Asker: 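If you scroll down you'll find the structure; I have some questions about it.
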Amino acid sequence: MSAPAEPRSDEPVIYPQVSMASLTDRVCAIALRERAYLWWWIAFVPSVALLVLLIVASGYLFYAGLGIWGIDWPVMWGFAILSYVWWIAIASGGTIISALFFLMDVDWRTSINRIAESMMLFGAAAAGIYPILHLGRPWLAYWLFFYPNTMTLWPQFRSPLLWDFWALLTYVFSSVLFWYMGLIPDLASVRDRATTRTRQRLYGIFACGFRGSSRQWRHHRAIYGVMAAVMAPVVVSIHSIVGLDFAGAATTGWHSTEFPPFFVFGALLSGFAIVLLLVIPLRRLLALGDIMTGRHLDVLCKLLLMSSLLLAYAYLMDAFTTFYGGDRAERVMFMVRVSGAYMPVYWGAIVFNCVLPQLLWVRRLRRCVPVIVLLCLGVVVGMWLERYEIVVTSLHRPPLPTSWGNYHGTFWDWATLLGTVGLFLSGILLSVRFVPVVSLHEMRALIERENADRSRAGQS
Amino acid sequence: MKMMLLEFDDQAAFSAALARLEAAGIGAIETYTPMPPDAQVTRSPVPLCMFVAGVTGFSGVFALMAFADVHAYPLNIGGQPDFAWPTFVPIAFELGVLCAMLTGFIGYFVACRMPQLYEPVDVCRAFGRASRDGWFLSIPIEDAQALSAARDLLASLAPLSVEEYAA
């Protein structure tokens with residue numbers, strides 16, 4: 001039985017001909033290739049060009065100040081904050097797949113886990129630079145820490161913005177530790193397959209002398225499980241706290257108790273969309289169609305559909321509470337949101353995030369790769385529009401009509417946004433090139449289990 | 001001391017051999033496997049350390065914030081109480097988590113005595129397969145008597161490869 005050209009939803013999560021040896025050799029060979037694939041260069045060069053754009057944009061920002069961005073009274077939060085939220089959502093989706101579904105012990109998570117984790121890592125990196133850029137005086141970023149100082153001043157612990165700083169710091173550090181912990185045994189596999197001295201040394205150093213001894217496995221299994229159990233609430237906390245950044249402010253359109261779960265729903269949706277956008281090309285380009293099968297696409301599409309429904313519920317309740325509550329400013333702002341100058345942003349978010357994903361109810365479309373890719377791209381854009389709508393539309397109509405104003409991103413806003421896309425893509429491509437793209441030790445356990453199931457089925 | 005490294009084809013053969021060798025009381029056996037063996041008991045003191053570190057981090061940071069807001073620098077914001085404890089929870093939680101994760105990560109290296117880039121077993125030619133699909137057992141050979149006892153057992157265990165190395 002081999003993988004069909006077109007994905008099917010009734011495929012197994014792993015084909016029976018995949019053995020521990022063949023999988024290890026194939027995946028290690030990708031990391032150990034002498035020269036990178038041509039497609040890799042074609043993707044990598046523009047990504048690095050965008051990364052350079054980020055460096056230029058940040059450099060000019062540090063030189064000239066925040067005035068180069070479009071932010072001004074009353075819209076003091078613009079691209080930086082909305083893109084930060086957008087990236088953090090993408091990262092969170094990766095953690096949900098790698099940690100939450102690990103705890104649920106689902107078989108389809110294993111082969112796409114490493115891709116989801118890379119997404120979490122570089123999504124968090126892309127998000128993490130925004131708050132620093134947005135500080136205005138980034139060299140004073142250390143004021144966010146509590147440290148002994150001559151003025152005996154302390155940070156404002158009661159502000160969600162400070163919570164956010166610590167949440168992000170914890171999230172980035174914990175993501176790196178969790179990712180590396182799962183990677184150690186696989187780096188050992190690459191080390192043992194490497195043929196040149198430099199690679200043996202490099203992978204050897206990063207594998208830290210992992211040999212698969214009984215003690216190494218015993219502790220690894222215990223600690224990795226607990227780390228996953230810790231990461232799952234952390235990912236909910238980070239995005240809830242990002243939601244509280246908004247909900248904690250007495251601003252029209254923000255001051256709502258539904259924000260924390262609303263943001264987590266958005267994280268689910270954008271996470272599944274980006275994972276699909278990474279898995280679909282990689283399974284083809286790296287010839288991994290027999291471990292990332294139609295079954296994976298089917299499951300991810302169903303999860304995308306589910307999170308789209310959750311988000312639709314949040315949009316609905318957002319509208320409902322506006323009119324159920326008695327605040328006139330809230331109602332004015334909402335009417336401007338759905339029918340004013342930023343109307344396309346609101347309806348774009350609705351169409352891309354809630355309406356179009358409903359196509360995935362149809363089983364045939366869940367196997368149709370072009371449709372999935374278009375829907376996922378739509379979701380990625382839609383999620384960005386949603387954040388634009390939350391950040392910008394809410395701020396441009398504060399309760400006092402004398403303070404009303406408009407907002408547009410400048411060239412430097414767009415340059416920074418595209419630059420972080422470059423950062424994300426370069427990171428993903430480098431990890432695809434040098435790190436095993438599949439969690440090998442977990443795949444071996446899956447192969448062992450599938451074989452045992454198959455032989456048991458054969459006997460009965 | 002001399003050691004002997006035995007390689008097995010799959011987990012079933014490996015587990016059977018391990019049981020036989022343990023029953024024969026051949027000495028301290030080390031295993032090297034491509035995945036955690038199914039029969040292995042997952043027991044480690046590190047998760048407990050993670051829990052303790054997490055609780056300590058949470059309480060310590062919570063206490064620090066309470067100290068700062070109540071004693072060191074009370075600040076009246078909108079008439080909120082100085083000891084606004086619910087607002088201390090998120091940062092205390094995050095830093096508690098960070099302490100737990102760092103403890104788990106460092107604890108792993110301490111518990112496994114890693115990084116150890118070289119071990120005598122690395123000289124064995126077949127050993128690279130331990131990170132691929134080979135299931136290995138390493139047994140100590142203390143003297144000639146132990147060697148002959150091991151050889152008797154080996155005949156029935158049928159390992160894929162046998163190598164001797166000095167430890």
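As the structure is a prediction and not an experimental result, all values here were calculated from the model. To find a chain, count down the sequence lines: A is the first, B the second, and so on, and within it residues start at 1.
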Asker: Can we call the ring centroids of W135(B) and F14(B) under 6.0 Å apart?
Answerer: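 Under 6.0 Å, so yes.
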Asker: Checking F51(B) against chain A: side chain, backbone, both or neither under 4.5 Å from a heavy atom?
Answerer: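 For F51(B), no heavy atom lies under 4.5 Å from chain A.
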Asker: Taking A72(B), G128(B), P37(B), G107(B) one by one, which has the highest count of heavy-atom pairs under 4.5 Å against chain A?
Answerer: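 Looking at each option in turn, the highest pair count goes to G128(B).
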Asker: Tell me which of these, A111(B), G104(B), P47(B), A130(B), has more heavy-atom pairs under 4.5 Å with chain A than the rest.
Answerer: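 Ranked by heavy-atom pairs under 4.5 Å with chain A, first place is A111(B).
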Asker: Identify which part of D10(B) has an atom lying under 4.5 Å from any heavy atom of chain A, answering side chain, backbone, both or neither.
Answerer: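 When you check distances to chain A, no heavy atom of D10(B) falls under 4.5 Å.
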Asker: Any idea which of R113(B), M50(B), E119(B), R43(B) has the most non-hydrogen atom pairs under 4.5 angstrom with chain A?
Answerer: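 Ranked by heavy-atom pairs under 4.5 Å with chain A, first place is E119(B).
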Asker: Judged by modelled atom types alone, do Y84(A) and D164(A) share a side-chain donor-acceptor pair under 3.5 Å?
Answerer: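 Yes, side-chain donor-acceptor contact under 3.5 Å.
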Asker: Pick whichever of V121(B), V41(B), L75(B) has the most heavy-atom pairs under 4.5 Å with chain A.
Answerer: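 Maximum pair count with chain A is reached by L75(B).
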Asker: I'd like to know whether the aromatic ring centres of F136(B) and F127(B) sit less than 6.0 Å apart in this structure.
Answerer: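 F136(B) vs F127(B): aromatic centres under 6.0 Å.
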Asker: Quick one: which of Q80(B), Q11(B), Q40(B), E30(B) has the most heavy-atom pairs under 4.5 Å with chain A, could you say?
Answerer: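 Of the candidates given, the most pairs with chain A belong to Q40(B).
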Asker: Heavy-atom pairs under 4.5 Å with chain A are the metric here; pick the option from F88(B), Y32(B), Y118(B), Y108(B) that has the most.
Answerer: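 Result: the option with the highest number of such pairs is Y108(B).
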Asker: Would you please indicate yes or no on a ring centroid separation below 6.0 angstrom for Y171(A) and W166(A)?
Answerer: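 That pair fails the under 6.0 Å test.
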